[in-house]
Trainee: 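Below are the structure tokens for one structure; questions will follow.
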Amino acid sequence: MVYKILYLALSVSLIFIMTAFCQQKETMKVTGSAPSGPSHNLHENSFIRDWIVAGPFPNEPTDAPLPDGSSQLGFYIDYLKSIGGESQGILTENVSIAYQDQRKSRKLIPQHVQADERGVIDFEKIFGKVDHKVAYAFCYLYSEVDQEANFLFGSDDGAKVWINGKLVHYLDEGRSLSFRPDHFRSNLIKGHNRVLIKISEWVREWAFVIEAFDSSGYAVIEAEVRAKYDFDQFLNCRLVPKKENRWNTYFMPGEFPELQWERPYLIEKVLGKFPLTIRWFDDELNEVQKPEKPGRYAYYATGTAPSGIFIRRAGTMYCMPPDWVAWGERLKAWLQFLPMDNVDKSAWAQHTEAIADYAGRIVLLSILDQEEGAILMSFLDEMQASEKPVTRTDTPLIKDHDFHLALKRKILGVENKWQTLQLPRDIETNPAPVLRDGSEQEAGVKPGTADNIRTVCQQWYEESGEPFNVLVARHGVIIFHEAFGERPDGRVTVNTASEAASITKLITGIMFAQFVDQGLIDIDDPVGKFLPNFPTEGVKAMTLRHCFTHTSGLWGHEEWGGVHNPWLDNVVANMLPDLAVGKKHEYNGMGYDLAGKVMEIVSGKSIFRLMRENFFDPLGLKRTLLEEDLAFSCHSTAGEFAVIGQLLLNKGSYSNLKFFSPETFNKLLPRQLNQFYPDINVDWGIGITWMRHNHPDAGKNGLLQDHTVLGKNMIGHGSATSAILRVDLDNDLVITQTRRRGGKAYNKYLEKFLMAIESGLQ
């Protein structure tokens with residue numbers, strides 16, 4: 001009887017306790033009553049700096065999308081279920097979070113942290129360098145009234161944000177940390193509001209930053225954003241004929257067109273009124289006052305805004321022969337079949353004539369309406385007048401780049417300022433290894449290794465449906481070189497070239513290595529040593545290392561015309577006051593394009609000519625093409641990429657040619673950037689990154705937690721198309737693969753592929 005009474009009393013007590021707890025939670029939800037824990041006042045209109053964080057939790061990638069559309073398992077899993085879940089959980093320093101990883105049940109205790117001076121919560125500094133993880137951050141946001149709040153947010157990588165249990169922001173992608181790329185709103189209640197943030201980590205950096213604003217604070221931000229947007233629009237603004245018509249880039253002999261800004265009212269709004277000085281040059285770089293003959297012409301425009309901003313613009317125009325009537329022709333353009341998944345090859349064949357008619361219309365309009373048309377007509381004009389044999393650099397783009405570079409060097413008076421960049425030098429003795437056919441024994445792998453790789457690759461294609469070609473070589477001996485699958489335009493072979501995306505950055509870094517090796521440019525030289533309007537010292541002195549390691553403060557790919565803009569460097573110089581040079585690591589392609597402008601001005605060769613004459617041709621790369629951008633767009637095959645990989649494995653030489661020395665090669669390798677820039681805690685090289693792959697059994701069976709598949713000193717670069725160029729310096733291996741996209745089960749089979757190679761090593 002006593003026990004029954006005690007039991008009843010305890011039950012009643014528990015009911016009261018639970019009721020009180022629920023009422024307390026409900027009160028906090030509705031009225032926002034004062035909590036214990038870090039709190040930020042919205043009225044401050046600033047970074048939220050004080051947080052309780054919990055992690056790291058597992059975040060393995062998946063082959064197929066999860067129910068919420070994400071591709072990261074930990075990003076999808078609710079690790080806070082033991083304390084009420086992501087929508088209701090409250091993180092404190094004394095709560096224990098129970099969760100399940102792949103091996104067993106675990107518990108962890110959150111910790112109290114504060115953002116750095118930039119407002120950034122850096123999970124790498126909190127948890128160490130780990131990949132494929134997620135973590136949470138929690139705080140309260142105090143609002144004096146019921147109101148809508150605005151948030152500016154940045155993360156590396158994906159993010160979910162809940163406010164009072166409601167998901168208000170979602171992003172599932174890999175990206176570098178930047179400030180204010182995301183904007184979202186949320187309604188707050190009077191009092192304290194719960195803020196929970198979940199950040200995923202794919203590879204490398206792992207952090208977030210968030211700012212909170214009330215209506216008055218955000219009004220100031222909106223004004224700043226509008227001004228920045230207008231300034232960005234000015235940076236993209238072109239010059240056009242004042243008497244604008246359909247043929248903007250053409251004129252007849254006699255008079256040059258009068259030029260004006262494409263958006264004059266925008267320019268006046270952003271910069272004020274100021275005159276432009278326009279100079280015209282013919283195809284022989286003579287400055288002329290009137291066009292007296294048909295052919296290529298270029299304008300060079302300069303002006304100084306009232307604020308002191310100095311502007312340079314240039315472009316190509318074409319002077320038509322007096323009797324030119326291209327518009328009077330009905331063109332046909334016979335296109336090759338477009339290898340797109342939604343285009344049927346047989347249907348294409350049935351409608352070839354109609355496609356040719358319409359494509360001809362597109363071509364004619366492009367010729368007449370765009371600067372690219374003037375570039376093409378100028379090229380045709382020059383080619384028919386030339387008696388020189390045709391080479392692989394005789395293309396409209398390269399010829400136009402050559403012309404504007406020669407004009408630029410003339411205007412700046414630097415035609416003879418630097419020594420000539422020499423072609424790769426002959427090695428008189430002990431030629432470097434080259435890729436060759438040979439036996440598995442010569443390659444130092446076990447019998448049957450090629451068969452094992454073939455089996456994995458065949459399964460890879462069959463499950464993913466994505467074709468590819470692949471090469472694996474060790475000690476210079478090709479172990480495996482085959483193609484798998486079929487595209488809409490036919491079967492893929494080892495000679496099928498594909499877009500390699502950001503592996504292009506590695507190629508640009510190798511081209512730059514020749515300048516470093518010959519003493520023409522040092523990695524830490526300021527850009528201002530070579531190009532005008534850049535400082536050579538001080539906090540804004542952008543260097544070539546900044547350009548190659550994504551620390552220049554620039555962003556994006558092919559912005560402001562990219563490397564095709566003759567005066568891209570002037571655009572960047574105009575942006576310098578707003579660039580956080582050396583203060584953050586933001587992945588981008590514009591630093592590579594700017595580095596290309598430095599290589600051009602020093603060598604006197606346009607960058608795509610440099611790539612062909614000083615890099616691809618000496619290596620015999622006939623299927624490798626690069627003519628769009630220096631951070632993406634290189635098309636190649638696994639076989640030709642493997643030659644580049646062997647060049648790296650040989651530390652700068654291939655066969656009897658020396659492109660750069662082993663000492664220069666070592667300068668290209670990834671290193672801790674905080675030795676140069678204290679605020680940046682990441683490894684990066686000159687177009688080269690570590691490509692380590694965690695071993696599936698790391699931390700088990702006696703293997704260390706950081707154990708990798710193949711060597712730790714694996715270098716290369718990632719790719720948006722999932723192409724592969726990896727060089728294992730520890731095992732003397734080159735591994736390449738070219739494909740159009742990763743497709744289903746990519747991560748699963750990449751690991752199987754690498755494991756098949758590792759298991760074959762002797």
Trainee: Answer yes if the side chains of H475 and E442 hold a donor-acceptor pair under 3.5 Å, and no otherwise.
Mentor: no
Trainee: Side-chain contact test, heavy atoms from C-beta onward, threshold under 4.5 Å: evaluate it for I510 versus F659 and give yes or no.
Mentor: no
Trainee: For D569 and I601, what are the C-alpha separation, side-chain angles and deciding distance, and is it a side chain to side chain contact (heavy atoms under 4.5 Å, CB included)?
Mentor: CA-CA 11 Å; D569 44 294; I601 202 73; over 6 Å; no
Trainee: Mind listing the closest non-hydrogen atom pair of N588 and S552 along with its distance?
Mentor: ND2-OG, 4.4 Å
Trainee: Return yes if a side-chain donor-acceptor contact under 3.5 Å exists between E640 and T637, otherwise no.
Mentor: no
Trainee: Let me confirm one number: the CG-CG distance from N731 to N713, rounded to the nearest 0.5 Å.
Mentor: 10.0 Å
Trainee: Does the side chain of S722 pick up a donor-acceptor pair with the side chain of R739 at under 3.5 Å?
Mentor: no
Trainee: Can you confirm whether Q514 sits close enough to P424 that some side-chain heavy atom of one is under 4.5 Å from a side-chain heavy atom of the other?
Mentor: yes
Trainee: Keeping the roles fixed (side chain from H481, backbone from I479), state whether a donor-acceptor pair exists under 3.5 Å.
Mentor: no
Trainee: Looking at E205, R175, K505, which one forms a side chain to side chain donor-acceptor pair (under 3.5 Å) with Y587?
Mentor: K505
Trainee: For the backbone of T449 and the side chain of E440, can you confirm whether one donor and one acceptor N or O come within less than 3.5 Å of each other?
Mentor: yes
Trainee: For S439 and Q441, test the side chains for any donor-to-acceptor distance below 3.5 angstrom and give the result as yes or no.
Mentor: no
Trainee: Tell me whether K399 is salt-bridged to D402, with the criterion being a basic N under 4.0 Å from an acidic carboxylate O.
Mentor: no
Trainee: Just wondering, are more than 12 heavy atoms of other shown residues or ligands nearer than 6.0 Å to CD in Q419?
Mentor: no
Trainee: Just one of Y461, F753, Y749, F468 clears the ring pair (Phe, Tyr, Trp, His ring centres under 6.0 Å) bar with F484, so which one?
Mentor: F468
Trainee: Quick check: do L710 and D730 have side-chain heavy atoms less than 4.5 Å from each other?
Mentor: no
Trainee: Would you please classify the geometry between the W348 ring and the F337 ring as parallel, tilted or perpendicular, with 30° and 60° separating the classes?
Mentor: perpendicular
Trainee: Hey, is R474 close enough to D732 for a salt bridge, meaning N to O under 4.0 Å?
Mentor: no
Trainee: Nearest 0.5 Å, please: how far is CG in L544 from NZ in K529?
Mentor: 9.5 Å
Trainee: Closer than 3.5 angstrom, by distance alone: can the side chain of D400 be matched with the main-chain N or O of L397 as a donor-acceptor pair?
Mentor: no
Trainee: Considering only NZ, NE, NH1 and NH2 on the basic side and carboxylate oxygens on the acidic side, decide whether E600 and K408 come within less than 4.0 Å.
Mentor: no
Trainee: For a side chain to side chain contact (heavy atoms under 4.5 Å, CB included) check, start with the C-alpha distance between R741 and E466, then their side-chain angles and the critical distance, and finish with the verdict.
Mentor: CA-CA 7 Å; R741 56 188 169 220; E466 294 294 337; 2.6 Å; yes
Trainee: Specify the closest pair of heavy atoms between R392 and K622, including all atoms of both residues, with the distance to one decimal.
Mentor: NH2-O, 2.7 Å
Trainee: Show the nearest heavy-atom pair for residues R740 and P488, with the distance to one decimal.
Mentor: NH2-CD, 4.0 Å
Trainee: After noting the C-alpha distance and the side-chain angles of V470 and C457, does the key distance pass the side chain to side chain contact (heavy atoms under 4.5 Å, CB included) rule?
Mentor: CA-CA 9 Å; V470 62; C457 288; 4.2 Å; yes
Trainee: Provide the closest heavy-atom pair for E371 versus T249 in the form atom of the first, atom of the second, distance.
Mentor: CA-CG2, 3.5 Å
Trainee: Apply side chain to side chain contact (heavy atoms under 4.5 Å, CB included) to L376 and I367, showing your working.
Mentor: CA-CA 7 Å; L376 175 61; I367 288 174; 4.1 Å; yes
Trainee: For the atom pair CD (Q737) and CG (L471), what is the distance rounded to the nearest 0.5 Å?
Mentor: 11.0 Å
Trainee: For the atom pair CD1 (I724) and CZ (F641), what is the distance rounded to the nearest 0.5 Å?
Mentor: 11.5 Å
Trainee: How many angstroms lie between CG in L657 and CD1 in I427, if you round to the nearest 0.5 Å?
Mentor: 7.0 Å
Trainee: Please tell me whether Q458 and E462 have a donor and an acceptor in their side chains that are separated by less than 3.5 angstrom.
Mentor: yes
Trainee: Heavy-atom count check: over 12 atoms from other residues, nucleotides or ligands less than 6.0 Å from Q336 CD?
Mentor: no
Trainee: Heavy-atom distance under 4.5 Å between the side chains of L421 and Q518, does that happen here?
Mentor: yes
Trainee: Side-chain contact, heavy-atom cut-off 4.5 Å: Y592 with H550?
Mentor: yes
Trainee: Do Q646 and N650 have side-chain N/O donor and acceptor atoms under 3.5 Å apart?
Mentor: yes
Trainee: Hey, does I644 have a side-chain heavy atom less than 4.5 Å from the side chain of Y654?
Mentor: no
Trainee: Can you check whether S633's main-chain N or O pairs, donor with acceptor, with E499's side chain at less than 3.5 Å?
Mentor: yes
Trainee: Side chains of N452 and V456: closer than 4.5 Å at any heavy-atom pair?
Mentor: no
Trainee: I'd like to know if the side chain of S653 reaches the main chain of A432, judged simply by a donor and an acceptor atom lying under 3.5 Å from each other, with no hydrogens or angles considered.
Mentor: no
Trainee: Can you tell me how far OG1 of T708 sits from CH2 of W690, rounded to the nearest 0.5 angstrom?
Mentor: 11.0 Å
Trainee: Within the distance-only criterion (no hydrogens, no angle test), does the side chain of N469 pair as donor or acceptor with the backbone N or O of A638 below 3.5 angstrom?
Mentor: yes
Trainee: Using only atom types and a distance under 3.5 Å, with no angle test, would you say the side chain of D593 pairs donor to acceptor with the backbone of G562?
Mentor: no
Trainee: Would you check if there is a donor-acceptor pair between the side chains of K605 and N614 at a distance under 3.5 Å?
Mentor: yes
Trainee: Give me the atom names and distance for the closest heavy-atom approach of G509 to L668.
Mentor: O-CD2, 4.3 Å
Trainee: Quick check: does any side chain N or O of T549 sit under 3.5 Å from a backbone N or O of W684, one acting as donor and the other as acceptor?
Mentor: no
Trainee: Taking all non-hydrogen atoms of both residues into account, name the closest pair between T738 and T496 and its distance.
Mentor: OG1-O, 4.2 Å
Trainee: Look at the side chain of H546 and the backbone N and O of T543, then say whether any donor-acceptor pair between them is shorter than 3.5 Å.
Mentor: yes
Trainee: Do T551 and H585 come close enough that some side-chain heavy atom pair is under 4.5 Å?
Mentor: yes
Trainee: Are the side chain of K597 and the backbone N or O of V563 linked by a donor-acceptor pair below 3.5 Å?
Mentor: yes
Trainee: Between W555 and W560, is the ring centroid distance below 6.0 Å?
Mentor: yes
